[in-house]
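All remarks here apply to the structure that follows.
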Amino acid sequence: MKKKIAGLVEKSISACVAAGLMAESDLPYIEMEVPANPDHGDFSSNAAMILASRAKQNPRRFAQAIRDHLHDTEGILEKTEIAGPGFLNFFVKDSFWRQSLSDILNSKESYGRLNLGGGRKVQVEFVSANPTGPLHIGHARGAVVGDVLAALLRVAGYHVSREYYINDAGSQMDNLGKSVLYRYRELFGEKTDFPESCYHGGYITEIAREIAQLEADVYLEKNEKDAIAYFNSVASEVIMEGIKKDLRDFGVTFDSYFSEKELYRENGVNDLLTSLRERGFIYSDGGTLWFKTTDYGDEKDRVVIRQNGEPTYFAADIAYHQNKFSRGFETLIDIWGADHHGYIPRLQASIQALGHDKNDLKIILVQLVNLLRAGQPVAMSTRAGEFVTLREVLDEVGKDAARYNFLMRRSDSHLDFDLEVAKKQSNENPVYYVQYAHARICSILRLAAEKGMAKPSCENCDLSLLSGPEEKALMKMMAAYPDMLEGAAKSLEVHRITFYLNELAAVFHSYYNKAKVVTDDAPLSAARLVLVEALRVVLKNALKILGVGAPEKM
RNA sequence: GCGCCUGUAGCUCAGCUGGAUAGAGCACCAGACUACGAAUCUGGGGGCCGUAGGUUCGAAUCCUACCAGGCGCGCCA
């Protein structure tokens, strides 16, 4: 609807230009907003004001000209007003809002699907935690944001792939193996001086114990290097399995897992560096190789091969992103913890050196989570092995509540996550507000069925009976659902879906307390059943994108 | 010191690419179940949009400086 009206305005402006009333316009798009105040219409545009200010003309005169040249061929508009300094306010005929109800009932679960992406291949890479320990609460937020963003883009018509990058090649992996080895030795009574830099969590000891049970003390004799290599491969595998299971139970699944080791196995890192060197992006200085990231705005050049001959993490990451592009993805989206923001310029620089546009790689920063229990901060330290794991959160508050809580803020805004509030089944917890709306509607529909009423259908149903303010508001909000999704997809902001749901549920709850759906008035009941059935569909579709359940009973 | 993010009601936060009278939830106060589910609803108080300038028809939104908090500034990942 929004687009239709914007289209009308666009054509009208062209007509005005043709009629010599305006100079050539170069508006990139027609801004069309839904005014907060219903007196200002269903949609409002400031196009006349923008054009007039560029032409140094009277905005109201421009607005008049646009209105005069409007050709409402479909008869969408009830009226068009010029208001204030030069706003064009559009009032849509009620019949067009009712039309969206039958759209929804016909499209069902595909209502809201867009063709924004045109099938373009997009990859969303997220979580990507090192397999050195279980996922904790901090990872959970990134997991949900990535998962929902992928789902959103899929609905918006992109071909989306979810990927987890396993950092299994760096020095922290040696630390992991070493940590297990030390615990293993302890199990056989050796005294060790457990290093500060190693992982202290209890899970390390458990892995050591498993190895000890299966293979006894054979690794006490072997040389340390081999033992560490073996221990870290066992440990990372065990831990990775745990991570996958936790994510699955959190409703997060991936299409692929990409191992950093893989890059080295295929010699990808060296090949890439060679080709970059040939093209002059890499130079040697002081026994190390440097990437000229300053060519693309980074504040200093970055090392790719260390003095000891080992490639840096950055080197592998360039190769990894190159690999992503070579797999045919046109847009890459990386989801990172906000503490990695300093890394953005060099990675952006590197993909540009590889010949891609800066915008082909979008990085979404997710701020860290501030974990609370009943208002009191919960201390966490990964090194010391003191952290609240994702598993514990899942067990304590449940998947739906946890996910919803992570989606209630813009991702680059700090988030307080209070375990006590999140598990409360009360009005302090917004998940239930929306789920309750869905369950209530299902309850109404069950009752209607019990009473032998026909299933909601737009056939032989007088939808013009839906004339109350809440009914109109609900129809308009549901009609705006695709616009909301489009905005969220374009801006990559998943929290918009949550806010939309809260608003929609609020209007419904208010309506529910005012009006009865199932009554003795058969035509009115039929119309209202159509309305709530449409609502049920929209709620369910949106919740599905969020990966949050839409229960029929609670 | 330099860079990035944040600063909006008592608390937690929305506010879409600059628009019309700045919103929501929680908390607080007062009300609503013989009505399809009260995990709900109705009403109320509450604001120098961090501060000061600037841009313009118009600024919470854009620019500059400053203040406060967070994060980053490695041949770690």
Side-chain angles (χ1 to χ4, degrees), chain A residues 28-29 31 33-37 39-40 44-46 49-50 52-53 58-59 83-87 89 128 130 132 167 169-173 260 286-290 299-300 302-314 316-317 337-345 365 367-368 370 375 408-410 412-416 418 421 424-433 435-437 439-448 450-451 483-484 486-488 490-491 493 495-496 498-499 502-503 505-506 508-519 525 528-529 532 553-554:
Chain A
Y29 60 93
E31 190 169 320
E33 63 157 16
V34 179
N37 185 342
D39 292 344
H40 297 147
S44 170
S45 179
N46 61 0
M49 282 142 71
I50 303 282
S53 102
N58 182 338
F87 287 105
N89 294 337
S128 298
N130 303 336
T132 55
N167 296 148
S171 56
Q172 86 275 3
M173 295 310 290
E260 186 181 356
T288 67
L289 289 187
W290 298 75
E299 57 187 15
K300 60 188 234 184
R302 306 291 173 174
V303 171
V304 283
I305 300 288
R306 291 181 262 238
Q307 198 128 34
N308 66 6
E310 293 287 318
T312 59
Y313 174 83
F314 176 48
D317 217 15
D339 51 341
H340 288 80
H341 64 79
Y343 192 74
I344 294 174
L365 296 178
Q367 275 293 351
L368 307 183
N370 191 19
M408 290 191 310
R409 302 275 179 276
R410 242 174 40 212
D412 60 359
S413 151
H414 292 269
L415 170 70
D416 285 350
D418 194 311
V421 174
K424 243 187 237 179
Q425 301 199 358
S426 76
N427 57 352
E428 282 175 72
N429 200 343
V431 202
Y432 302 112
Y433 189 73
Q435 289 188 322
Y436 186 52
R440 258 185 164 174
I441 291 169
C442 290
S443 173
I444 295 171
L445 295 169
R446 277 194 301 270
L447 180 80
E450 276 168 30
K451 292 206 168 183
D483 296 331
M484 181 280 295
E486 180 171 338
K490 278 183 175 165
S491 60
E493 291 178 351
H495 72 279
R496 294 197 196 186
T498 321
F499 279 86
N502 275 314
E503 276 177 41
F508 166 71
H509 283 311
S510 174
Y511 176 60
Y512 179 91
N513 275 276
K514 246 187 221 181
K516 249 186 118 168
V517 175
V518 178
T519 64
S525 296
R528 288 181 171 174
L529 280 170
V532 297
K553 290 182 182 173
M554 294 172 67

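Every chain is numbered from 1 and lettered A, B, ... according to where its sequence line falls, protein lines coming before strand lines. Here the structure is a predicted model, which is why all the values come from computation and not from measurement.
- The residue A:Ala488 sits apart from the nucleic acid: no heavy atom pair falls under 4.0 Å.
- The side chain of A:Glu31 lies closest to B:G19 when the candidates are B:C41, B:A77, B:G19.
- Between the base of B:U21 and the side chain of A:Asn37 there is a donor-acceptor pair shorter than 3.5 Å.
- Checking B:A14, B:C36, B:A77 against the side-chain heavy atoms of A:Phe499 singles out B:A14 as nearest.
- Pairing of B:C71, defined by two Watson-Crick or G-U wobble distances under 3.5 Å, is identified with B:G3.
- Pairing partner, B:G25: B:C11, with both Watson-Crick or wobble hydrogen-bond distances short of 3.5 Å.
- Between the side chains of A:Arg528 and A:Tyr511, at least one donor N or O lies within less than 3.5 Å of an accepting N or O.
- Checked by distance alone, A:Asn46 brings a side-chain donor or acceptor within 3.5 Å of a matching partner on the base of B:G19.
- Residue-level contact check: A:His40 touches the bases, meaning some heavy atom is under 4.0 Å from a base atom.
- A:Arg306 places a side-chain N or O within donor-acceptor distance of the main-chain N or O of A:Pro311, the cut-off being under 3.5 Å.
- Here the separation of B:U34 from B:U21, taken at their C1' atoms, is 43 Å to the nearest Å.
- Between the side chain of A:Asn89 and the base of B:A20 there is at least one donor-acceptor pair of N/O atoms closer than 3.5 Å.
- Under the Watson-Crick and G-U wobble criteria, each requiring two contacts below 3.5 Å, nucleotide B:C57 is paired to B:G19.
- For A:Tyr313, taking side-chain heavy atoms from C-beta onward, the closest of the listed nucleotides B:G37, B:C71, B:A77 is B:A77.
- Nucleic acid contact for A:Arg410: sugar-phosphate only, since backbone atoms but no base atoms lie under 4.0 Å from a heavy atom of the residue.
- Looking at heavy-atom distances under 4.0 Å, A:Tyr343 makes contact with a base.
- Using a 4.0 Å heavy-atom cutoff across all strands shown, A:Glu503 reaches no nucleic acid atom at all.
- For A:Asn513, the side-chain atoms get nearest to B:C41 when compared with the rest of B:A77, B:C41, B:A39.
- The main-chain N or O of A:Ile305 is never found under 3.5 Å from a side-chain atom of A:Thr312 such that the two would form a donor-acceptor pair.
- Considering only side-chain atoms of A:His340, the nucleotide from B:U42, B:A38, B:A77 that sits closest is B:A77.
- In this structure a side-chain-to-backbone donor-acceptor pair under 3.5 Å is missing from A:Asn167 to A:Asn130.
- Nucleic acid contact class of A:Lys451 (heavy atoms, under 4.0 Å, all strands): none.
- Among the heavy atoms of the strands lying under 4.0 Å from A:Thr288 is at least one base atom, whether or not backbone atoms are also near.
- Side-chain atoms of A:His341 come within donor-acceptor range of the base of B:C71, with a qualifying N/O pair under 3.5 Å.
- Looking at heavy-atom distances under 4.0 Å, A:Ser443 makes contact with a base.
- Of the candidates B:A14, B:C76, B:G19, the closest approach to any side-chain atom of A:Phe87 belongs to B:G19.
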Checklist line | Chi angles and distances behind the salt bridge (charged side-chain N to carboxylate O under 4.0 Å, His left out) call for A:Glu450, A:Arg446 | finding: CA-CA 6 Å; A:Glu450 276 168 30; A:Arg446 277 194 301 270; 5.9 Å; no

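- Across all strands shown, the partner of B:U64 is B:A52, judged by Watson-Crick or G-U wobble contacts whose two distances both fall under 3.5 Å.
- Minimum atom distance to the side chain of A:Ser413 is reached by B:A14, of the listed B:C75, B:A14, B:A39.
- The side chain of A:Thr312 lies closest to B:C75 when the candidates are B:C75, B:U12, B:A39.
- Between A:Ser491 and A:Arg496, the side chains place a donor N or O and an acceptor N or O closer than 3.5 Å (distance only, hydrogens not considered).
- Minimum atom distance to the side chain of A:Gln307 is reached by B:C75, of the listed B:G15, B:C75, B:A77.
- A:Arg440 and A:His509 are linked by a side-chain donor-acceptor pair at a separation below 3.5 angstrom, with hydrogens and angles left out of the test.
- Rounded to whole Å, the C1' atom of B:C4 lies 27 Å from the corresponding atom of B:C11.
- Here the side chains of A:Leu415 and A:Asn370 are not in contact, with every heavy-atom distance at 4.5 Å or above.
- Comparing A:Ala169 and A:Lys516 against RNA chain B, the residue whose closest nucleotide sits nearer the 5' end is A:Lys516.
- Among the atoms of the strands shown, none is found under 4.0 Å from any heavy atom of A:Met484.
- Using P as the reference atom, B:U64 and B:A22 are 27 Å apart when rounded to the nearest Å.
- Separation of the C1' atoms belonging to B:A9 and B:A52 is 23 Å when rounded to the nearest angstrom.
- For A:Pro85, whose side chain is taken as the heavy atoms from C-beta onward, the closest listed nucleotide among B:U42, B:C57, B:A77 is B:C57.
- Within 4.0 Å of A:Ala515, counting heavy atoms only, lies at least one base atom of the nucleic acid.
- Below the 3.5 angstrom threshold, one finds a donor paired with an acceptor across the side chain of A:Ser44 and the base of B:A20.
- Comparing the P positions of B:G69 and B:G47 gives an interatomic distance of 26 Å, to the nearest angstrom.
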